[in-house]
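Here the structure is laid out as structure tokens; the discussion comes afterwards.
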Amino acid sequence: MEVKEYIVEESDKLFCQFGFKSVTMDDIAKHLGMSKKTIYQHFSDKDELVNILIKDKLGAQKFVMDACAAKAKDAVEELFFAITNIHELLSNMNPKLFYDLQKYHPKAWLAFKGFKEENLGKCIQANLERGIKEGLYRSEIKTDILGQMRLEQVDLLFSQPNNYTANKYSITQVMLEITEHFLYGICNAKGLEKINYYKNQATQS
């Protein structure tokens with residue numbers, strides 16, 4: 001692994017645990033066991049480091065989303081894959097991360113919002129249309145309205161996590177609950193059978 005990639009990867013671990021604001025370049029250097037001078041040879045400041053980290057994470061997330069859609073046998077299974085991915089993505093993240101990103105790293109936050117509205121929006125829309133075509137989602141749903149609603153759910157959770165977590169739930173638990181609620185709302189009777197089937201499979205594995 002190149003030094004620059006190593007710095008990004010290890011910094012990500014610190015940011016996920018403590019948030020962006022709390023972690024300084026001194027903390028990163030200490031964690032890495034290298035001098036700040038070495039870090040500054042690759043990044044002009046912490047903001048550039050965060051921008052590159054977010055860009056890399058978004059690229060990886062797009063790859064995962066495309067892979068989930070490709071390997072899923074149907075639209076419902078695709079959402080179950082998404083639930084698993086959400087759990088893996090958010091389980092080690094400090095809820096402060098997204099607040100810090102929005103307040104202290106506006107360029108990275110704009111990249112995140114752009115990804116959400118462009119890539120995630122298209123993915124949600126495609127899944128809704130796929131589910132209707134496969135006869136698993138209610139044919140009368142208005143995909144544009146529900147797609148936008150789903151995006152706003154994600155946006156609210158990431159930009160105002162305390163409104164949902166309230167020190168009682170993790171951000172992962174809230175996202176999983178919202179996603180399952182969304183899935184139950186769009187499925188018809190055939191789709192509900194698929195939900196039960198995939199839920200049973202998940203408990204047995």
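Bear in mind that the values here come from a model prediction, so they are computed numbers and not experimental data. One-based numbering along the sequence shown.
Classified by interplanar angle (parallel below 30°, tilted 30° to 60°, perpendicular above 60°), the ring pair Phe98/Phe112 is tilted.
In the hydrophobic cluster analysis, where Ile, Leu, Val, Met, Phe, Trp and Tyr join through side-chain heavy atoms closer than 4.5 angstrom, Tyr6 is grouped together with Ile39. Transitive grouping of hydrophobic side chains (ILVMFWY, heavy atoms separated by less than 4.5 Å) keeps Phe81 and Ile124 in distinct clusters. Hydrophobic clustering (ILVMFWY, side-chain heavy atoms < 4.5 Å, transitive): Phe115 and Val8 are in one cluster. Cluster annotation: Val64 and Ile54 are assigned to distinct hydrophobic clusters (Ile/Leu/Val/Met/Phe/Trp/Tyr, side-chain heavy-atom contacts under 4.5 Å, transitive).
In this structure the side chain of Met65 reaches within 4.5 angstrom of the side chain of Leu120, judged on heavy atoms. Proximity of Val154 to Met175: side-chain heavy atoms (C-beta onward) are separated by under 4.5 Å at one or more points. The shortest distance between side-chain heavy atoms of Lys62 and Cys123 does not fall below 4.5 Å. No side-chain heavy atom of Phe18 sits less than 4.5 Å from a side-chain heavy atom of Leu97. Looking at Lys21 and Phe15, their side chains never come closer than 4.5 Å, going by heavy atoms from C-beta outward. Side-chain contact between Cys187 and Ile195 is present, with at least one heavy-atom pair separated by less than 4.5 Å. Ile7 has its side chain within reach of His42: a pair of non-hydrogen atoms, C-beta onward, lies under 4.5 Å apart.
The CD atom of Glu77 sits 11.5 Å away from atom CD1 of Ile83, with the distance rounded to the nearest 0.5 Å. Rounded to the nearest 0.5 Å, atoms CG (Asn85) and SG (Cys68) are 5.5 Å apart. For the atom pair Phe43 CZ and Ile28 CD1, the distance stands at 9.0 Å (nearest 0.5 Å). Between the CD atom in Gln61 and the CD1 atom in Ile86 there is a gap of 8.5 Å [rounded to 0.5 Å]. A distance of 13.5 Å separates CE in Met149 from NZ in Lys142, rounded to the nearest 0.5 Å. Distance check, rounded to the nearest 0.5 Å: CD1 of Ile186 to CG of Leu79 gives 5.5 Å.
Between Tyr197 and Gln201, the side chains place a donor N or O and an acceptor N or O closer than 3.5 Å (distance only, hydrogens not considered). In this model, no donor atom of one side chain and acceptor atom of the other lie less than 3.5 Å apart for Asn200 and Thr203. There is a side-chain donor-acceptor pair under 3.5 Å between Tyr137 and Asn127. Checked by atom type, the side-chain pair Gln125/Glu129 shows a donor-acceptor distance below 3.5 Å.
Under a 3.5 Å cut-off, the side chain of Thr38 and the backbone N or O of Met34 do not form any donor-acceptor pair. A donor-acceptor pair is defined here as one N or O able to donate and one able to accept, closer than 3.5 Å; such a pair exists between the side chain of Glu134 and the backbone of Ala75. Put simply, the side chain of Arg130 gets close to the backbone of Ala69: a donor and an acceptor are under 3.5 Å apart. Proximity of a side-chain donor or acceptor of Asp27 to a complementary backbone N or O of Thr24 within less than 3.5 Å is detected. Within the 3.5 Å criterion, the main-chain N or O of Gly135 finds no donor-acceptor partner in the side chain of Ser139. Using modelled atom types, no side-chain atom of Arg150 and backbone atom of Ile145 make a donor-acceptor pair closer than 3.5 Å. Formation of a donor-acceptor pair under 3.5 Å by the Lys46 side chain with backbone atoms of Phe20 is found in this model. Between the side chain of Glu180 and the backbone N or O of Leu176, no donor-acceptor pair lies under 3.5 Å. With hydrogens and angles ignored, the 3.5 Å screen pairs a side-chain donor or acceptor of Glu48 with a backbone N or O of Ser44. Judged purely by atom type and a 3.5 angstrom limit, Ser22 has no side-chain atom pairing as donor or acceptor with the backbone of Gly19.
Pairing each heavy atom of Leu58 with each of Ala111, the nearest pair is CD1-O, 3.5 Å. Shown here for Asn51 and Lys107, the closest heavy-atom pair between the two residues is ND2-CD, 3.6 Å.
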With side-chain contact (heavy atoms from CB on, under 4.5 Å) as the test, would you mind laying out the steps for Tyr169 and Glu177 before giving the verdict?
CA-CA 10 Å; Tyr169 303 105; Glu177 187 72 17; over 6 Å; no
Between Phe80 and Leu183, does a side-chain contact (heavy atoms from CB on, under 4.5 Å) hold up when you go through it step by step?
CA-CA 9 Å; Phe80 270 85; Leu183 184 55; 3.7 Å; yes
Step by step, work out the side-chain contact (heavy atoms from CB on, under 4.5 Å) result for Leu136 and Glu193.
CA-CA 9 Å; Leu136 300 174; Glu193 290 177 6; over 6 Å; no
Mind running side-chain contact (heavy atoms from CB on, under 4.5 Å) on Leu49 and Ser11 for me, showing each step along the way?
CA-CA 9 Å; Leu49 173 56; Ser11 298; 3.6 Å; yes
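A salt bridge links Glu140 with Arg138: at least one charged nitrogen is closer than 4.0 Å to a carboxylate oxygen. A salt bridge between Glu10 and Lys13 is present, with a side-chain N of the basic residue lying under 4.0 Å from a carboxylate O of the acidic one.
Atom NE2 of His87 sits in a sparse spot, with 12 or fewer heavy atoms from other residues, nucleotides or ligands closer than 6.0 Å.
Partners of Lys116 under the side-chain hydrogen bond (donor to acceptor under 3.5 Å, both in side chains) rule, at least two apart in sequence or in another chain, do not exist in this structure. For Lys36, the salt bridge (charged side-chain N to carboxylate O under 4.0 Å, His left out) criterion is met by Asp26, not counting sequence neighbours. Lys194 is linked by a salt bridge (charged side-chain N to carboxylate O under 4.0 Å, His left out) to Asp74, counting only residues two or more places apart in sequence or in another chain.
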